[in-house]
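Report on the structure given below.
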Amino acid sequence: MPELPEVETVVRRLRAVLVGAKLRSTECLDPKLKSRKLTRHQGEVLQVRREGKNILVDFSGGNSLKFHLRMTGNLIWEKARTKTAIGGAILHPSTEAHLRCRLNFDRGEMRFIDVRRFGTVELAPSRLVRAELPVDPVEDTLTGEVLQRLIGKSRQAIKVWLLRQDRLVGVGNIYASEILFDCRVDPRREAAALSPAELKALARSTVKILNKAIECCGTTFSDFHNPDGESGKFQSFLKVYQHDQQPCRRCKSPIKRLVQAQRSTFYCAKCQQ
DNA sequence: ATTATATCCTGATCGC
DNA sequence: TGCGATCAGGATATAA
């Protein structure tokens, strides 16, 4: 489930292989994605970057390909091979079944693979894509004061609020639970009711957990892989997510699961107040 | 204005 | 062995 760390992992790898590459053609296998604009697009890649959970591939000529992986999307890079008698790249059968889009570059092929087909790709002018953004929580610029301003008078539970991409981009369901465990804040607390000290701790934990996850190249539960097909490593550092009934790492009391806004939340009722 | 809910999809898993 | 029900969660459209 790609959240900010998984998307950042993809962006870093794609940047290394795509900058300077020339897009020759694009083939959409999923009719849901097919657009004339997209399939006619060509050009040289200037940059690959991330805005929240969006992946932006900037092209010469002022347009950008904008990908969103949603739940199960993967961007896989297949380096061009020397021509063989067989010719063309060989696809793993399970991969082929969920191949939605293939982008042919001069130096290889990028494949957009997505089991549940929630993911999106569109072509948009780069400058429009660069519209003003919500706060990106990777940098130390996320402070308690900033959180306080963003939260305002919101009465949503803090766990639900953390998932709001219109205020703070990048946090998803897995990291929201992990962040709140790290700073010992109860996920059911009303956002606007958190004290300045709690907001400071929340800001610090958010930056800390997301950066740690980026270092680990993300979390792989079932679907996520980087463009080289490798899994993330952060799943071994998860302390509450999917740890229902297991002893808390700090106090040994059983981790609880609850549902907020139709999403699972995991927390320790004793540690998190 | 904010907040809650239904929807988009498919595969894995579970109970019968 | 299979069959239907349920769950997984990012973001948006719609409802309240």
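Just so it is clear, the values below take in all heavy atoms, side chains as well, and ignore hydrogens, waters and symmetry mates. Each chain gets a letter, A, B and so on, in the order its sequence line appears, and its residues count up from 1.
- Following rounding to the nearest Å, D114(A) (CG) and dG10(C) (P) show an atom-to-atom distance of 13 Å.
- In terms of modelled atom types and a separation under 3.5 Å, the side chain of N211(A) and the main chain of V207(A) share a donor-acceptor contact.
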Distances under 3.5 Å between nitrogen or oxygen atoms of protein and nucleotides 11-15 of chain B:
from	atom 1	to	atom 2	distance (Å)
dG11(B)	OP1	H98(A)	NE2	3.0

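- No contact: R100(A) has no heavy atom under 4.0 Å from any strand.
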| said: Does Y241(A) form a ring-ring contact (aromatic ring centres under 6.0 Å, His included) with F234(A)? I'd like the steps, not just the answer. | reply: CA-CA 12 Å; Y241(A) 184 78; F234(A) 191 75; over 10 Å; no
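- Among the heavy atoms of the strands lying under 4.0 Å from S154(A) are primed sugar atoms or P, OP1, OP2 only; no base atom is included.
- Distance L163(A) CG to dT2(B) C1': 17 Å, rounded to the nearest Å.
- Residue-nucleotide stacking is present for F118(A) and dG10(C), judged by a side-chain ring centre under 5.5 Å from the six-membered base ring centre and planes under 30° apart.
- As a whole-Å value, the separation of R167(A) CZ from dT2(B) C1' is 9 Å.
- With dA8(C), dA11(C), dT10(B) as the candidates, the nucleotide lying closest to the side chain of R263(A) is dA11(C).
- Checked against dG10(C), dA8(C), dT3(B), the side chain of R155(A) finds its nearest nucleotide in dT3(B).
- Closest to the Q156(A) side chain, of the nucleotides dA8(C), dT3(B), dG10(C), is dT3(B).
- A heavy atom lying under 4.0 Å from DNA chain C marks none of the residues of residues 29-38 of chain A.
- Between R70(A) and dT12(C) there is no side-chain N or O to OP1 or OP2 distance below 4.0 Å.
- Heavy atoms of R117(A) sit under 4.0 angstrom from primed sugar atoms or phosphate atoms, though from no base atom.
- Distances shown here put every side-chain N or O of K153(A) at or beyond 4.0 Å from the OP1 or OP2 atom of dT2(B).
- Note on T120(A): nothing from the nucleic acid sits closer than 4.0 angstrom, heavy atoms only.
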